[in-house]
Structures are given as structure tokens and as C-alpha cells.
Trainee: 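The structure is given below, and queries will be raised subsequently.
All of these numbers come straight from a predicted model, not from anything done at the bench. Below, read A as the first sequence line, B as the second, and so on, with proteins coming before strands; counting in each chain starts at 1.
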Amino acid sequence: MAEYNPKEIEAKWQQYWQDNALFRTPAKPDPKKKKYVLVEFPYPSGDGLHVGHAKIYTATDVAARYHRMRGYDVLHPMGWDAFGLPAENSAIKFGVHPAELTERNTTKFKEQMLSLGLSYDWEREINTTDPDYYKWTQWIFLQLFKRGLAYEDTIPINWCPSCKTGLANEEVIDGHCARCGHVVEQKPMRQWMLKITAYADQLLAGLDDLDWPTFIKDIQRNWIGRSEGINITYDIVDSTDTVTCFTTRPDTNFGATFVVVAPEHNLATQVAADNKEVAAYIDQASRKTERQRQEEDRIKTGVFTGRYAINQLTGKKMPIWVSDFVIGHFGTGAVVGVPGHDLRDFEFAQTFDLPIIRVVVGPDGDTTSVTRPEQVQEKTGAMMNSDFLDGLPIDEATTRMMDHMETEGYGERVTTYSLRDWVFSRQRYWGEPIPLIHCQECGIVPVPEAELPVTLPEVTSYEPTGTGESPLAGISDWVNVSCPTCDGAAKRETNTMPQWAGSSWYWIRFTDHDNTKALADPKKIKQWLPVDIYVGGAEHAVLHLLYGRFWNMVLHDIGAVNTAEPFTKRHIVGLVLGEDGQKMSKSRGNVVNPDDEIAKYGADTVRIFASFMGPFEGSAAWTTAGITGSERFMKRLWRLFMEMPQDEAALTADLNLAVQQTIKRVTESMEHFRFNTAVSSLMELLNTFEKDKAVAPSALQTFALLLSPLAPHLAEEAWQSLGNDTSVTLQPWPEADAEVLAGAQVTIPVQINGKVRGTLTTDSGQDEAAVVEEAKGLENVTRHLEGKEIVKTIYVPDKLLNLVVK
RNA sequence: GCCGAGGUGGUGAAACGGUAAACACGCUACGUUCAGAACGUAGUGCUCUUACGGGCUUGCGGGUUCAACUCCCGCCCUCGGCACCA
């Protein structure tokens, strides 16, 4: 028999699968047995696949293959999220059209995916840069616009001077651009915004029922940042004006001694008109970036406006200050200072020598005045110096005070969020054009749906202007159009959509990828959605996963999709590190190319190693030693299937038990996305078989079935050599024989006072007395029982015997 | 500071409250070989013992239990997210 030659058999079976369209999606899935198994589609970069891709695609593919064998109708598609800056930047550098680069890269990606033996239904391939696709991305935008969920606004936004475009909040990490790492500036610009905040509550509530890792849900909850509080309106002395402050802690309001507004607040602007000092402070603050404010180590600065607000509870005058520690866009942009019970307020009061009043008793009954930061009591305690609240715990006091303020008419309960609307326009070429027209007469007019898609014009230069204008603004034939409403002179919107647009609905398109009349046929949407298993990275917790949920909810509200939540279950992949245990990067030179690995070891070995290297969610290094071990396993399997003498008589009761147990374990591992333990169970079975001179063909059949999702090429070859003439991937998944499992002998540890003193092997289902008798006969047990009295016997049937002695 | 996830051999890791370290890597010895590679056999948490066997061991300290990696309380450390969010 020939040596294990993965190159040969893998090419052969990949061709076979393609020729027989084995992974074509069933046209009419059984509604009770459908599985939509999806992995995040890639951005087809010029670098080709990374071994990290190999890990995540293999895992998802194993799940898809497993569920097919379990009898599910599976949708397992693939496509390309191809709009974005890297293609555009390469286009600028090499003078090639981004579409051409995309074409080149997707071809390469697809070849690599095929060579890994991934079971995608390629007939449903999609590409976000295809006008037939982005027509519908634009259509969704128009629905958002019509519902008032897309609006134009001129606000200071995050601007990356290196990418020369505006960014969404979610794309800024620690003050830097998520893509290029450059420091982000604040720049006021005309923007298209999506009103994701309108869905804040639904985005929050929907998380409860999702089968997602808790940490991802928590990141989203945190990002949405709901807080319930009250807006308190204070009168301003000698003025008809008022100032409204948001707080979650009105219980401490007897201790309020000042008010602070953000530099952007109207009141500040108003005062600045005839107060040079305030004007200078505002000007200075506006020139600081968020980063600079952080670097100042949170030292409190500020300026007094000369005005006073009245605290209704005490009748005291509270000076109104302006300070940049107050955030303009959170709450009302104004806070009421309670320096005894908020550390920031305390620091501010100390800096500017403002009065501090204690209204909550400190630990150990401390009622002295608050003079040190350690005394600032923020969380628990009973009220004091607070009239009708005295003695109440703070949570109860909060409710009472809210009721009081609402009754008195100067308070209004409100809910605020840290989530902000989505800055949706980019000043770059390679993205979906926003399908709107600016008409001098009619204002902003949507492009009629019949005229979609608005395709990207051919340009000679993709170079971003850097002025905040899109490069499309320079293409006059494209920009100048007649207004769809009045037919007068009008101009197209020249901003494009962000990278995230096309991926915010792509899972819907896979259900009916070439529909020309709708996003997808509602019947097909209903057949397949929601996505049952969605696999991807943790880095999208507040980007793609939040945007995607938002769009899906909007589409649900307009009746375009059947469920509000798009992704029922989510698996998060861990990082694949370089051989040195560091993150793979070109600059470190530790990048492993999956092509090289496949060429060297074969796709099955790569798949087995990717599965076996550790838990799916964990990060682990791609090491030569590790993959060599997986290669050894494949070679041993080859010898088992192809060289070991076969004889059905070799299947003893013990071996049959081992086979049945393996079925059970591998099945459980597959259900829980634990491919490392699936592989180790198969290794154990292989070890068992190798101890014999011959192996039973029926056991090999089962083995090939269990192996098939993980190492499909070798499994096909083995299946064929066992005399089968259909593909192993079409076979039903084996079921463990419950009778064999139940009837087996069991090995029970015998403990004395919780320490194992021996083991005994016996038939399962024995009663306690018999097991105790048998245990007493064990030599080592006898010795430990000598001169002792058994005071208690704990017997867990078929599991363990513990004798408690004195 | 706030929210979350983790901490088990030299390494990647297993383990419904029930024999901790399965499986694999690495290492040691032996076999095979002219030699190497590959392969095979045995061993491999620490420790006492010639042996039989015993003691200790899942970040640290307590607790619940016949029994704790697993549950509870308090610390320490690592990683991820948020952060002058009122």
C-alpha cells in the first residue's frame, strides 16, 4: 500500500466534491432541521489567508459538516467584504483600480479556501462591492433615511488625518484610529449620521436571550451604557434662565454646593459673550484633543461664570462654573456638584475652595466634615444633613428624592446612554455611494429606488482630498444631476458609506444571493434566518455585531426580515500566535502562511492541528512541533485504515465499548464546539486499536464517520477503501449504542476517608452491599481498615465508594 | 476606578462536586539503523522508600461537604473592555 500522500488524495476529493456539488444548499430546507452556520466573511487583503483564518474557517466547517451528517439542512456560505481602505490605498500606490485588486485577491482567497477542503456552497458567493449587492445596501440606507434614522448633522467628529476620513466612535481605540493607529482629531464636519441611539433599549434588551459569550454581551451593554437618573432644573439668580443637570444621585442634593457646565454648553457660550475670562477658557478647551485632556492627569481646571443657581432644597446659591471635566454630549452637559460624595466634585471643590457638605454617614459612623479624598463616600451608607431623607439608605433616599423633585415640578426622571449615533459618512472613494441628491429647491432628495444602484464612477485618482470632501466631489459628470423631484439642477451626495455598511446585512443576502427584486425573497429569509451559529472574532463586539443587530432590527421593523435578532449563537475564536508566542505580524517575521503548511503537511493535518491546538476560544501558538504531532496522527490513521489487517472478529466487547464511548464523546465535543477534545478522543481510540494485530472493518467504518468533519479527505479515502461507493460526507452521523454503554463493566475507585486506596472492576448496577464486600477484599483496603471502624459508607453507583472510618 | 474572563506539569491542555494531570508536544532510556531521519517499547507533577507502599500538589488564605480544579467568602496576579459618563 502506498504511503500517506495528502497532496494526491486531497486534490482528488476536492475535485469530487465540486463535481458532484455535494455542498449545495438544500432549496427547501426542513424548518425543524435547518442550520445556518456562518463564519464572518473576510476582507480579501493582498496578503492572502492567515493561519488564524485557517483555524476559524476549519472550526466552522467542522460544525457545518457535522450538522449535515446529523441530518440538518445546512446553509454554509462564503463571500467577500471587499470595500475598504487597504484596497483603495493599494490602488493609489500601484495605479490599479480597486475593483481589479479585489478580483485578484478574492481569486487567491477562494483557491486557498478550496485547498483547505472547506465545504462552502460557492453558488451563493457574494461580494459587497458588486453593484447588484450594494444596490441593496443603498436601498437599506434609503429606508433608514425615510424613517428619519439617517440624518445630516454638522458636529465635531473623530477625524483621522492619516486616512483622511471621519470615523465612527467605535473605530477609535484609546484616541487612535483603529485602522492605522494615527492619533484621532476632533473636526466639525457635515456628516451623515445613523440614529442607532433610537434602538439603544432594544439593543440592550435583546442581549438577554442571546446565546453569546457573556463577555461579549457585557462589552455591548457597557458600550450602550444605559443609566437611569433625573434632570434637575435650577433657577438662575436674577435671570429668567435655568440650568438643567443630569444626575443619578439626587439623594445627595442637600449636599450640592455648585454647578458645572461643559465648555460647549449654551450657558457657557452665552456668558462668554461678555466675559473675556470665560471666553478664553472655552477657546482653550476647544483646542485640546481628548488625548491632551487625559494627559493632563485629570487636574481640574475651570472658570466661574459670575452666575448662581438656586438649590430649591436649601435655598442656597450655587455658583455656576465652566469646566472641561464635564462632557458636553453626556446627559445635559451640566452637572450639579456634590463634593462630599463624588471624587471629581471633591477635587473641583478643593481646587477652587468651594464648600463641602457631608450628607452620607461614612464607615464606622463617621459624620465629620469631608476634608480628604478617602472620606468621599460614594456608594453606601445612611443619609444625614438631608431633612426628610435623614437615616435612609442611599437607594431608598434616591427614589424618595426623585419622587419629591418630580412632585415639586423641577425634576424629570430620564434615561441616558453613552452610546452615540453612528457617524456614517466617509470621505473616501472605495465605498458605497450614499444615494441622496442635494437640490437647492427641494433640499435633500432620495434617489428613486428604481434608479438604484448609484454606481461608483470611474476616476483617474482615488486620492483623498484631505479637506473633508470626498474624491467623488471632483467628478462633475457624476456629481451634477437633475433633481428627481423638480428636475432642477442638483448635486449628488459625494460621501461614501463606511466599511461596516456591506457587512451589516450580508447574512440576509446569502439566503437568496441573486435576487434582483428585493434584499432576498421573504420566504427564503424565513426559511433560513436567524443565523444559528455565527463564528468570528472578539474585535467586533461593538462594531460589526452592534451595527448588524441595529440594521437587522430596523429591517425587522419595516417587515423585511422575520426576526429582530440576527445571530442566535455566537462563538468567539482565540488568537493564533506565532511560534514565539507573540502576535503574528510582518514586522516580527513570525507570520505563518497556511499555503506553506498545506503544501508541507496537507490540509487534513492543518485542519487537525487547528482543531487540536487548544480550546477554540483560547489563544495558542502555531508551532512546528505541534503541527508535526498532528501529522504523525494522520500518518498513523493512514496505516490503521490502509495497512492494518482487517478482521471482524477483532471487535471484542471491550473494543466495541471503546468505539461506543468514542461516539458519545466526539458527539458531545462537536455539540459544544470543543474540537480539541474531539480529536483527543479519536487519538485514544486509535491508541486502543493499535494495540491489536487486527482491526474490525465495522469499527473502521465508524471511525471514518467520526473523523470525516475534521479530516474529510482522509476520511473519504478510508471510506472508499472500506468498500463504500458514496461520499462519507453524505452518511448519517453514528449514534452510540446505549445498551453497550450501560452494560459495560465499571472501574470504581475505593476511598477510605476520601483517599483512594484501591480500585475494583465490576459489573455496573451492583448494589452497595456487594460492592462494599468486594472492596473489603482488596489487599490495600484491608490493610487500611485494620483496627478501624466503618462509621459511614458513601456509594455513588458505578462511580465511587468512600468508606469513612475512625 | 468600574464591568467581564481567567490562573492546573517543562509546554498546549483534560476533568457531570466523585481516581487531578486524559490526549498531545517535549524530554530520558532502550530497540531498529553503517549513521541519521522516521518508527517502535518503557518512563516522565513534586517527594520519602531497595521494594510493597506512603506524604504533598490545581495562584494565596479561609469555609461548606464523606469528598472541592469545580460551590461560597476574602485577597493576589494576568488578560479583555470602558473610563473625568455625573
Trainee: Taking atom C1' in both G55(B) and U65(B), compute the distance separating them and give it to the nearest angstrom.
Mentor: 23 Å
Trainee: Using the C1' atom as the reference point in each nucleotide, state the distance between G26(B) and A21(B) in Å, no decimals.
Mentor: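 My reading of the C1' atoms in G26(B) and A21(B) gives 16 Å.
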Trainee: Would G9(B) be called syn or anti, given that syn covers angles within 90° of 0?
Mentor: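 Because its glycosidic torsion lies within 90° of 0, G9(B) adopts the syn conformation.
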Trainee: Within the 4.5 Å heavy-atom criterion, are Phe258(A) and Val335(A) side-chain neighbours or not?
Mentor: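 Not touching, per the 4.5 Å side-chain cut-off.
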Trainee: Quote, to the nearest angstrom, the P distance that separates U78(B) from U8(B).
Mentor: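 Pairwise P distance, U78(B) against U8(B), rounds to 14 Å.
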Trainee: Determine yes or no for a side-chain-to-main-chain donor-acceptor pair under 3.5 angstrom, with Thr257(A) supplying the side chain and Pro355(A) the backbone.
Mentor: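 Answer holds: yes.
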Trainee: Examine the side chains of Glu597(A) and Trp622(A) and answer whether a donor and an acceptor come within less than 3.5 Å of each other.
Mentor: yes
Trainee: Could you give the distance separating G7(B) and G61(B) at their C1' atoms, to the nearest angstrom?
Mentor: 16 Å
Trainee: My understanding is that a pair needs two contacts under 3.5 Å, Watson-Crick or G-U wobble. By that rule, which nucleotide pairs with U44(B)?
Mentor: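 Looking at the geometry, U44(B) pairs with G26(B).
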Trainee: Please report the distance separating the C1' of C69(B) from the corresponding atom of G17(B), rounded so that it comes out in whole Å.
Mentor: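 It comes out at 11 Å once rounded to the nearest Å.
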Trainee: I want to verify a distance call: between A86(B), A22(B), C82(B), whose nearest atom is closest to the Glu684(A) side chain?
Mentor: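 Of A86(B), A22(B), C82(B), A22(B) is nearest to the side chain of Glu684(A).
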Trainee: Please state the C1' separation for the pair G80(B) and U28(B) - nearest whole angstrom.
Mentor: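 My reading of the C1' atoms in G80(B) and U28(B) gives 41 Å.
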Trainee: Using the C1' atom on both, measure A24(B) against A13(B) and round to a whole Å.
Mentor: 9 Å
Trainee: Looking at C66(B), does its base get a donor-acceptor pair with the side chain of Asn802(A) below 3.5 Å?
Mentor: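 Result: at least one qualifying N/O pair found.
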Trainee: When rounded to the nearest Å, what value does the distance between C1' atoms of C73(B) and C66(B) take?
Mentor: 23 Å
